[in-house]
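The block underneath contains the structure these notes are about, expressed in structure tokens.
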There are 2 protein chains.
Amino acid sequence: MSGISVTPTPAEDSLDQQASVYEMIREDIISGRLGPNERLKIADLAEHYRTSTNPVREALQQLRGEGFVLMEPNRGARVRPIDEAFVRDIIEIEMLIEPALTRWFVSIVNDADIVALEAAQAEIEALNYADPARHGELDTRFHQLIYDRHYNRHAAELWWKHREILRAISRRFPTSLSRKVAVLREHRELIERIRAQDADGAAAVVARHVEGSGRHTIEQMGVAKRNGPQKRPV
Amino acid sequence: MSGISVTPTPAEDSLDQQASVYEMIREDIISGRLGPNERLKIADLAEHYRTSTNPVREALQQLRGEGFVLMEPNRGARVRPIDEAFVRDIIEIEMLIEPALTRWFVSIVNDADIVALEAAQAEIEALNYADPARHGELDTRFHQLIYDRHYNRHAAELWWKHREILRAISRRFPTSLSRKVAVLREHRELIERIRAQDADGAAAVVARHVEGSGRHTIEQMGVAKRNGPQKRPV
DNA sequence: CTCGTTCAAATAATGTATGATCCGACCGTT
DNA sequence: AACGGTCGGATCATACATTATTTGAACGAG
């Protein structure tokens, strides 16, 4: 997704000394510092993030495009609730798109691609979840090897946008042991199916992978909620 | 799609004495007045549309979110080429999403829904393409009856966004007689399958409907291009 | 003389500041 | 309940400051 018109890459997220207003607001929405349905007043946000109103307005437009904020004309913006339904909605769409992208990848894959996939997977296994954020990056890169080649830029961008959202959300929760194991297994299985030129099989694995990841996130969200929602005011 | 966070409804498009900057820029991109890859300079646009730079900036952010413009940091925006590939990309995604939405609709449909669909279809047939823009509205409403009920708001919004884009693009081209006939036939067929609780059948009809509509648009774009691309500078 | 490098002016994006205007929510009166 | 006034806040208009990129001319090495 190199470069144009897309959300900053993962690496920048943490390194950037000063993140953009956009990133900060998004982070605050995902982390819950800005609560569900909370009104987002331009002036307040500008003050809070120490900028002028202009960058705030633009950030809100962007966030609206990505589904993080809802806007009504002349009435301003509010935080879209990041709840289980939100994740489920995205996952359902991904369960349609990712298998389709994967299918196509199988039809054009070459040896170098397989090598790259295996290298990425090896790196993931070597890390073995020692650093969750880093794992997120590697995992994203793994799938990116598959999707970024697709001729349908729109679909690839859509995947990327959804991926960013899901990665940001799951960052808040721990990964269960069983899920960790499943992820590695499914990745290996996926590589196998791709190598074997089994488009249907690969698509099925991906569908399962996406669904499993979504289900896991949703479950973790439920756990966190039952353990007491600790929204602190911004 | 009632209200929040969405592009203005079709009706407003034509009625609004003065459309927003966002709408005007979008219109100029779709209609080709702003050519592919043309640079979009904030100051120029502000002057051209007789507004200040502020609304222009926001409009560009919005358009970026919808895929009409591409932006690079510190280098500004340019027009995303609205070509056959662009339409094809969107259509491919819709061919995944719309059947899925339709399938779910079949499982929850009631008598009132059928009646509403038939009424909408009757209106379309009564109009019989006499007014293309009006037809576009009615056709959109027909499908909206099916998709707007879905619990997956994200998917429904995505459909709506794509729908708006496609409708805007096809407004530039005439509809062939055969396509007109096919649309009416497919709509009737779709209602039948839904009434018969045939989810697979309905999904198949929709897939065909979307593909046919996309193919037709792409063909018309090709024709228009061969007849000489008449891009006039803004 | 040609090519690549360096640097400075021009260009334009991005951020700040401030005031005007308009819309919608709220509130009290009739 | 209907009306009108008040107020918060979004939206728009300007003007200006800052920062990044591009361009092209001057310059030096080969």
Side-chain angles (χ1 to χ4, degrees), chain A residues 2-9 12 15-29 34-35 37-65 68-80 233-234, chain B residues 2-9 12 15-29 34-35 37-65 68-80 233-234:
Chain A
S2 29
I4 289 179
S5 152
V6 194
T7 318
T9 64
E12 291 166 324
L15 296 180
D16 257 357
Q17 270 301 336
Q18 46 189 17
S20 67
V21 188
Y22 158 78
E23 285 162 40
M24 290 190 294
I25 296 180
R26 196 184 70 155
E27 182 59 32
D28 285 346
I29 290 175
L34 289 165
N37 292 312
E38 187 166 328
R39 270 201 72 186
L40 297 170
K41 303 179 197 178
I42 311 262
D44 290 0
L45 293 174
E47 188 192 12
H48 183 259
Y49 296 110
R50 309 305 190 84
T51 77
S52 59
T53 58
N54 224 328
V56 172
R57 295 187 60 85
E58 277 159 42
L60 290 181
Q61 293 287 359
Q62 233 175 305
L63 289 164
R64 151 165 121 162
F68 282 108
V69 314
L70 303 170
M71 294 182 66
E72 288 173 278
N74 285 317
R75 311 236 297 96
R78 54 197 177 81
V79 176
R80 174 161 191 166
V234 51
Chain B
S2 30
I4 288 179
S5 152
V6 195
T7 317
T9 65
E12 291 166 326
L15 296 180
D16 257 358
Q17 271 300 336
Q18 45 189 19
S20 68
V21 188
Y22 157 78
E23 286 162 41
M24 290 190 294
I25 296 180
R26 195 184 69 155
E27 182 59 34
D28 284 346
I29 290 175
L34 290 166
N37 292 312
E38 186 166 329
R39 272 201 70 184
L40 298 169
K41 301 182 197 176
I42 311 248
D44 291 359
L45 293 174
E47 188 192 13
H48 183 258
Y49 297 109
R50 308 304 191 84
T51 79
S52 63
T53 58
N54 235 333
V56 173
R57 289 193 203 177
E58 276 161 49
L60 290 181
Q61 292 287 356
Q62 229 174 308
L63 290 163
R64 153 165 117 164
F68 282 108
V69 313
L70 303 172
M71 294 182 64
E72 288 173 277
N74 288 315
R75 313 239 293 94
R78 51 195 179 84
V79 176
R80 175 165 189 160
V234 50

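Naming convention: chains lettered A, B, ... in sequence-line order (proteins, then strands); numbering from 1 in each chain.
Rounded to whole Å, the distance from CG on B:L45 to P on D:dC12 is 15 Å. Atom pair B:E47:CD and D:dA13:P shows a separation of 14 Å (rounding to whole Å applied).
Residues passing the side chain to side chain donor-acceptor pair (under 3.5 Å) test with A:R80: none are found, sequence neighbours excluded. The side-chain contact (heavy atoms from CB on, under 4.5 Å) search around B:N54 returns A:N54, B:S52, B:E58, not counting sequence neighbours. Under the salt bridge (Lys or Arg N to Asp or Glu O under 4.0 Å) criterion, B:R75 pairs with B:E72, not counting sequence neighbours.
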Handout entry: Heavy-atom protein contacts under 4.0 Å, nucleotides 10-24 of chain C, coded B base, S sugar-phosphate only, - none
Key = --SSBBB------SS
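Side-chain atoms of A:D28 and A:Y49, non-hydrogen and from C-beta on, do get closer than 4.5 Å to each other.
A distance of 10.0 Å separates CD in A:Q62 from CD1 in A:I25, rounded to the nearest 0.5 Å.
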